[in-house]
**Student:** 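The following block contains the structure, expressed as structure tokens.
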Amino acid sequence: MIVTITMNPSIDISYPLETFTLDTVNRVKNVHKTAGGKGLNVTRVLKQLEADVTASGLIGGVLGEAIKQDLDQTEIKHAFSSIKGETRNCIAVLHEGQQTEILESGPVVEPTEAAAFLQHFKKLAATAEILSFSGSLPEGLPTDFYSQMIQLCQSKPVVLDCSGAALQQVLQGKAKPLLIKPNNEELSDLLGKPIGKDPVELKEALSDPLFAGIEWIVVSLGAGGAFAKHNETFYQVTIPKIEVVNPVGSGDATVAGLIDAIAKGLSPEEILKHGNAMGMLNAQEATTGFVQLANYQNLVEQINVTSV
Ligand code: ATP
């Protein structure tokens, strides 16, 4: 079983408007609401890949219940831990080809709730084959919370997709994730200097002692594909040009592809192809965390993975 973790999920609301006018009333008809958060995007793609997946994390209040109902409707298994605070709404206003977002910071987690989650998580991790943690930590949790969670996994493989202090803490911690998937910007933030897409520069960046002990580092480069380090081997992943509809969540779809391939015991080249194919398939759809698998084979055949 694959366990996905979303510590600060949301109900994502999209408001399509022909024009968005400030300081007056804007009325909207076609409101779309879904369970959101990076880990839930990963979960949905894994479900489409027919993986045995269970979603977990923290939820609270009526919006927390709405997340459970949304997952039930798509027959996705879940095992969340409840908190007093209310799960958040995240609003995207789609107007005149633009997207204006209003993101609530979400609930503040109490120390007793954090401790209860860790107990719950330890039991869940014992039943998992591989785990993925995605997205930011809610307020109230210490920045080393993911690090504490990795320690509780007792050497089970963890795929981690987060940024900032939470990622720094994991990299400095003793228990290491199997794989991290920073994008260009996150990699630059980690190393405190801009890192471009040049393979020589990327090779040097991924050789930084900060990444010691991490088996897989996959740097996603948007339309530029990806660059990866697996043990001591570096890989350049080149992808064909595609027609993009909505690239939001492509990183999450990539993470789902990587986990699925790792769980199936595929080779490093196949893992990278599968991950990138999922990212591209997501970019070709309007809905975040949705992939049209009928296009899979055609895309995979056009992805090149070379060791550099
Ligand atoms: P997000 O935070 O929105 O989930 P990200 O920044 O983590 O995204 P990206 O590097 O943008 O991740 O995308 C992940 C993968 O998806 C890329 O490595 C690539 O395979 C595919 N992809 C993303 N954007 C495009 C694009 N415009 N054209 C082709 N493929 C894309």
Side-chain angles (χ1 to χ4, degrees), residues 4 6 8-10 12 14 34 36-46 48-49 90 92 99 101 103 132-136 159-164 166-167 177 179-190 194-197 199 202 205-206 216-230 234-261 268-293 295-296 298-306:
T4 61
T6 316
N8 200 6
S10 54
D12 288 349
S14 87
T34 47
K38 290 176 74 62
L40 292 181
N41 295 338
V42 174
T43 311
R44 269 194 286 269
V45 175
L46 281 169
Q48 286 166 76
L49 287 166
C90 287
Q99 181 159 336
E101 295 190 19
L103 309 181
S132 82
F133 309 165
S134 306
S136 58
V159 171
L160 177 71
D161 184 13
C162 68
S163 55
L167 180 54
L179 184 151
I180 56 170
K181 192 222 67 67
N183 60 22
N184 239 189
E185 200 185 323
E186 288 158 353
L187 182 66
S188 305
D189 280 354
L190 272 178
I195 308 290
K197 296 186 179 180
L202 283 162
L206 300 193
W216 270 106
I217 309 157
V218 181
V219 184
S220 64
L221 303 170
F227 190 87
K229 179 173 183 276
H230 178 235
F234 294 90
Y235 294 97
Q236 176 87 56
V237 184
T238 50
I239 60 174
K241 197 167 168 38
I242 53 165
E243 214 161 291
V244 171
V245 178
N246 176 14
V248 176
S250 287
D252 305 330
T254 297
V255 166
L258 295 170
I259 298 169
D260 186 53
E269 286 85 355
E270 288 167 321
I271 290 170
L272 290 168
K273 282 189 182 184
H274 198 52
N276 275 264
M278 289 306 139
M280 293 168 76
L281 287 172
N282 177 82
Q284 289 180 311
E285 300 298 322
T287 310
T288 301
F290 179 75
V291 288
Q292 197 75 256
L293 290 171
N295 299 335
Y296 175 80
N298 172 41
L299 274 188
V300 164
E301 282 165 13
Q302 298 179 67
I303 299 174
N304 280 310
V305 178
T306 43

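Start at 1 and go down the list; that is how both ligands and their atoms are numbered. Residues: numbered from 1 along the sequence shown.
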**Student:** If you count the atoms of ligand 1 from 1 in the order shown, which ones are under 4.0 Å from a heavy atom of L221?
**Tutor:**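 So the answer, numbered in order with elements, is 10 (O), 18 (O).
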**Student:** So do the side chains of N41 and T43 get within less than 4.5 Å of each other, counting heavy atoms only?
**Tutor:**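 Answer no - side chains too far apart.
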**Student:** Tell me which protein heavy atom sits closest to atom 19 (C) of ligand 1, plus the residue, atom name and distance to 0.1 Å.
**Tutor:**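 Sorting protein heavy atoms by distance from atom 19 (C) of ligand 1 puts G222 O, 3.3 Å first.
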**Student:** Considering only the protein, which heavy-atom contact is closest to atom 13 (O) of ligand 1, and what is its distance?
**Tutor:**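 Looking only at protein heavy atoms, the one closest to atom 13 (O) of ligand 1 is S250 CB, 3.7 Å.
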**Student:** Would you say T254 and K181 are linked by a side-chain donor-acceptor pair, where the criterion is simply a distance under 3.5 Å?
**Tutor:**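 T254 and K181 do not have a side-chain donor-acceptor pair below 3.5 Å.
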**Student:** For atom 9 (P) of ligand 1, what's the nearest protein heavy atom and its distance?
**Tutor:** S220 OG, 3.7 Å
**Student:** So for ligand 1, is G251 a polar contact partner (N or O within less than 3.5 Å, distance only)?
**Tutor:**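 Looking only at distances, the answer is yes, because the N/O contact criterion of under 3.5 Å is met.
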**Student:** Is there a heavy atom in K38 that sits closer than 4.0 Å to ligand 1?
**Tutor:** yes
**Student:** As an exercise, state the distance from CG of L49 to CZ of R44, rounded to the nearest 0.5 Å.
**Tutor:** 13.5 Å
**Student:** Among protein heavy atoms, which lies nearest atom 3 (O) of ligand 1, and at what distance?
**Tutor:** G249 N, 3.0 Å
**Student:** Taking only heavy atoms of I239, which atoms of ligand 1 are found under 4.0 Å from at least one of them?
**Tutor:**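 Matching atoms, with element in brackets: 19 (C), 20 (O), 29 (C), 30 (N).
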**Student:** Who gets closest to atom 25 (C) of ligand 1 by heavy atom: G275, A223, S163?
**Tutor:** A223
**Student:** Going through the checks in order, is the side-chain contact (heavy atoms from CB on, under 4.5 Å) test met by Q284 and L299?
**Tutor:** CA-CA 11 Å; Q284 289 180 311; L299 274 188; 3.9 Å; yes
**Student:** Calculate, to the nearest 0.5 Å, the distance between atoms CE and NZ belonging to M280 and K273 respectively.
**Tutor:** 12.0 Å
**Student:** Using the side-chain contact (heavy atoms from CB on, under 4.5 Å) rule, take Y235 and E269 through it: C-alpha gap first, then chi angles, then the decisive distance, then the call.
**Tutor:** CA-CA 8 Å; Y235 294 97; E269 286 85 355; 3.6 Å; yes
**Student:** Mind checking whether L187 and N183 have side chains closer than 4.5 Å, heavy atoms only?
**Tutor:** no
**Student:** If the test is side chain to side chain contact (heavy atoms under 4.5 Å, CB included), which one of T4, L179, V42 qualifies with V159?
**Tutor:**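 When T4, L179, V42 are each tested with V159, the side chain to side chain contact (heavy atoms under 4.5 Å, CB included) holds only for L179.
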**Student:** Between atom CG of N304 and atom CG of L272, what is the distance when rounded to the nearest 0.5 Å?
**Tutor:** 12.0 Å
**Student:** For ligand 1, which atoms have a heavy atom of G225 less than 4.0 angstrom away?
**Tutor:** 17 (C), 18 (O)
**Student:** Please step through side-chain contact (heavy atoms from CB on, under 4.5 Å) for the pair N184 and V219, ending with a clear verdict.
**Tutor:** CA-CA 6 Å; N184 239 189; V219 184; 4.2 Å; yes
**Student:** State the atoms of ligand 1, each with its element, that fall below the 4.0 Å cut-off from a heavy-atom position in I242.
**Tutor:**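 Those qualifying, in numeric order: 28 (N), 29 (C), 30 (N).
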**Student:** Out of N282, L272, V244, who gets a non-hydrogen atom closest to atom 27 (N) of ligand 1?
**Tutor:**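 When every heavy atom of N282, L272, V244 is considered, V244 comes closest to atom 27 (N) of ligand 1.
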**Student:** With a 4.0 Å heavy-atom cut-off (strictly under), which part of K181 contacts ligand 1: side chain, backbone, both or neither?
**Tutor:**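 Only the side chain of K181 comes within reach of ligand 1.
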**Student:** Below 4.0 Å, non-hydrogen atoms only: which portion of V237 touches ligand 1? Side chain, backbone, both or neither.
**Tutor:** neither
**Student:** Please report the C-alpha distance between K197 and F227 in whole Å, then the side-chain angles of each, then the deciding distance to 0.1 Å, and finally whether the side-chain contact (heavy atoms from CB on, under 4.5 Å) criterion is met.
**Tutor:** CA-CA 8 Å; K197 296 186 179 180; F227 190 87; over 6 Å; no
**Student:** Any nitrogen or oxygen of A226, main chain or side chain, under 3.5 Å from a nitrogen or oxygen of ligand 1?
**Tutor:** no
**Student:** Are any of the N/O atoms in P240 less than 3.5 Å from those in ligand 1?
**Tutor:**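 In fact, backbone or side chain, P240 has no N or O that close.
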**Student:** Checking contacts here: is it the side chain or the backbone of N183 that comes within 4.0 Å of ligand 1, counting heavy atoms only? Could be both or neither.
**Tutor:**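 The answer is the side chain of N183.
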**Student:** As an exercise, identify every atom of ligand 1 less than 4.0 angstrom from a heavy atom of N276.
**Tutor:** 18 (O), 19 (C), 20 (O)
**Student:** Would you say that more than 12 heavy atoms from the other residues, nucleotides or ligands in this model lie under 6.0 Å from the CD of E185, or not?
**Tutor:** no
**Student:** Looking only at protein heavy atoms, which one is nearest to atom 14 (C) of ligand 1, and what is the separation?
**Tutor:**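 Heavy-atom neighbour on the protein nearest atom 14 (C) of ligand 1: T254 OG1, 3.4 Å.
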